[in-house]
Amino acid sequence: MEERLQKVMAQAGIASRRVCEELIRENKVLVNGQLASLGQKVDPARDRIIVDGKPLRPEEAKRYLILNKPFGYITTSKDQFGRKNVLDLLTGVKERVYPAGRLDYDSEGLVLLTNDGDLAYRVTHPRFELPKRYVVQLKGKITMDAVYRLRTGVILEDGRTKEALVEVLPPVGDNSVLSITITEGRNRQVRRMCSKVGFEVVRLQRTGIGPVNMGKLSTGAFRPLSKKELDSLFRAVKL
């Protein structure tokens, strides 16, 4: 059965569909010895597909994990500075999973990892508006004007942010604490939003992605999603 090449690659656990499209554009994919083209249809049972010099592996069993990312780890596959990677924490996981979206080096908390390219695409693409929840410590005492601006949208270099759910939580020492839920996924968005309203982020932790919550998962630990969590996540992204 023929399917689009980027979908076949994503289903085989190469990367998200968006990254697979980039690999095709960068001429890193061959089909039957010829350079692949974006949107090309292939039959994985019949066609020989080479990605970055390596044969496409047969489709693996799907894995769905969440991990509590520690401070100082990256979620990208390559890093020129040799920093620690969240994939190094996945002891005993045989399948090649990858993070569905990024979480900054200096941020902590929930990371979803999977080899299901369709799910990863829907979790990260802004059109599905999957909410991401953060607990943010800010230097100083928050003002209600700043809270209002965060809730209604602030103007960043890449445009005005959508409305956010913002709740003021009990402070930690001299630091204010907010719960912020957004449905966009811009680079370092929460940090930039807080900076725009005049407050420096001291600590940022992601606590939820859609219906999936981190709960009491220890820092650096991971676990598989339960069937209930997975079913809820599939419904949230219309899979």
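Not measured: the values here are computed from a predicted model.
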From [X] [atom1] over to [Y] [atom2], what is the distance, rounded to the nearest 0.5 angstrom?
{"X": "S16", "Y": "R122", "atom1": "OG", "atom2": "CZ", "result": "13.5 Å"}
{"X": "K41", "Y": "K7", "atom1": "NZ", "atom2": "NZ", "result": "10.0 Å"}
{"X": "Y73", "Y": "L87", "atom1": "OH", "atom2": "CG", "result": "11.5 Å"}
{"X": "L103", "Y": "L112", "atom1": "CG", "atom2": "CG", "result": "12.0 Å"}
{"X": "Q40", "Y": "I24", "atom1": "CD", "atom2": "CD1", "result": "8.0 Å"}
{"X": "N68", "Y": "L217", "atom1": "CG", "atom2": "CG", "result": "5.5 Å"}

Co-membership, hydrophobic cluster, residues [X] and [Y], 4.5 Å side-chain:
{"X": "Y98", "Y": "L119", "answer": "no"}
{"X": "L156", "Y": "V190", "answer": "yes"}
{"X": "L110", "Y": "V237", "answer": "yes"}
{"X": "V197", "Y": "M144", "answer": "yes"}
{"X": "L138", "Y": "L165", "answer": "no"}

Problem set entry | Listed once per pair and sorted, the ring-ring contact (aromatic ring centres under 6.0 Å, His included) pairs that draw on residues 4-23, sequence neighbours left out |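 Listed once each, the pairs would be none.
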Problem set entry | Qualifying ring-ring contact (aromatic ring centres under 6.0 Å, His included) pairs with a residue from residues 7-37, counting only residues at least two apart or across chains |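 Output for this query is empty, none listed.
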A side-chain contact here means heavy atoms from C-beta on lying under 4.5 Å apart; do [X] and [Y] qualify?
{"X": "V212", "Y": "I66", "result": "yes"}
{"X": "V51", "Y": "M9", "result": "yes"}
{"X": "L56", "Y": "I14", "result": "yes"}
{"X": "P171", "Y": "I142", "result": "no"}
{"X": "Y134", "Y": "T207", "result": "no"}
{"X": "T114", "Y": "K62", "result": "no"}
{"X": "R203", "Y": "Q205", "result": "yes"}
{"X": "I49", "Y": "L5", "result": "yes"}

Exercise. Listed by chain and number, what are the side-chain hydrogen bond (donor to acceptor under 3.5 Å, both in side chains) partners of S107, not counting sequence neighbours?
Worked result: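 Partners of S107 by the side-chain hydrogen bond (donor to acceptor under 3.5 Å, both in side chains) criterion, ordered by chain and then number, come out as R191.
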Problem set entry | Sequence-distant partners of R186, side-chain hydrogen bond (donor to acceptor under 3.5 Å, both in side chains), two or more places apart |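 Here the qualifying residues are D158, E184.
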Residues sharing [X]'s hydrophobic cluster, by side-chain heavy-atom contacts under 4.5 Å among ILVMFWY, directly or via others?
{"X": "V19", "value": "none"}
{"X": "F128", "value": "Y121"}
{"X": "V172", "value": "V135, L169, V177"}
{"X": "L35", "value": "L30, I50"}

Looking at every non-hydrogen atom in both residues, tell me the closest pair between [X] and [Y] and how far apart they are.
{"X": "L65", "Y": "L90", "value": "CD1-CD2, 4.4 Å"}
{"X": "L130", "Y": "G210", "value": "CD1-CA, 3.7 Å"}
{"X": "Q6", "Y": "G39", "value": "OE1-N, 3.5 Å"}

So, the side chain of [X] versus the backbone of [Y]: is there a donor-acceptor pair under 3.5 Å, distance only?
{"X": "Q34", "Y": "V31", "answer": "no"}
{"X": "N85", "Y": "T76", "answer": "yes"}
{"X": "N115", "Y": "Q11", "answer": "no"}
{"X": "R192", "Y": "N187", "answer": "yes"}

Exercise. What pairs with R188 under salt bridge (charged side-chain N to carboxylate O under 4.0 Å, His left out), at least two apart in sequence or on another chain?
Worked result: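 Scan of R188 (salt bridge (charged side-chain N to carboxylate O under 4.0 Å, His left out), adjacent residues dropped) gives D104, D106.
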Exercise. Does the side chain of D116 pick up a donor-acceptor pair with the side chain of Y64 at under 3.5 Å?
Worked result: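 Yes.
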For this session: Taking atom types as modelled, find out whether N213 and R133 have a side-chain donor-acceptor pair closer than 3.5 angstrom.
Result: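 A donor-acceptor contact under 3.5 Å links the two side chains.
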For this session: State plainly whether the residues E21 and R18 are in salt-bridge range, i.e. N to O under 4.0 Å.
Result: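 No, E21 and R18 are not salt-bridged.
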Problem set entry | Sidechain N-carboxylate O distance under 4.0 Å for E108, R206 |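 Here E108 does not pair with R206 in a salt bridge, since their nearest N and O are not under 4.0 Å apart.
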Exercise. Would E22 and K28 satisfy salt bridge (Lys or Arg N to Asp or Glu O under 4.0 Å), going step by step from the backbone distance to the final call?
Worked result: CA-CA 9 Å; E22 288 301 315; K28 293 182 178 180; over 6 Å; no
For this session: Mind jotting down which residue pairs meet the side-chain hydrogen bond (donor to acceptor under 3.5 Å, both in side chains) criterion with at least one end in residues 142-156? Sequence neighbours excluded, please.
Result: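 For residues 142-156, and leaving out neighbouring residues, there are no side-chain hydrogen bond (donor to acceptor under 3.5 Å, both in side chains) pairs at all.
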For this session: Scan for side-chain hydrogen bond (donor to acceptor under 3.5 Å, both in side chains) pairs involving residues 163-177, sequence neighbours excluded, and state none if there are none.
Result: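 Found Q137-N175.
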Would you mind writing out the side-chain donor-acceptor pairs for residues 220-235 within the sub-3.5 Å range, not counting sequence neighbours?
{"from": "R223", "atom 1": "NH1", "to": "E229", "atom 2": "OE1", "distance (Å)": "2.9"}
{"from": "R223", "atom 1": "NH2", "to": "E229", "atom 2": "OE2", "distance (Å)": "2.8"}
{"from": "S226", "atom 1": "OG", "to": "E229", "atom 2": "N", "distance (Å)": "3.1"}
{"from": "S226", "atom 1": "OG", "to": "E229", "atom 2": "OE1", "distance (Å)": "3.4"}
{"from": "K227", "atom 1": "NZ", "to": "D231", "atom 2": "OD2", "distance (Å)": "2.8"}
{"from": "E229", "atom 1": "OE1", "to": "S226", "atom 2": "N", "distance (Å)": "2.9"}
{"from": "S232", "atom 1": "OG", "to": "K228", "atom 2": "O", "distance (Å)": "3.0"}
{"from": "S232", "atom 1": "OG", "to": "R235", "atom 2": "NH2", "distance (Å)": "3.2"}

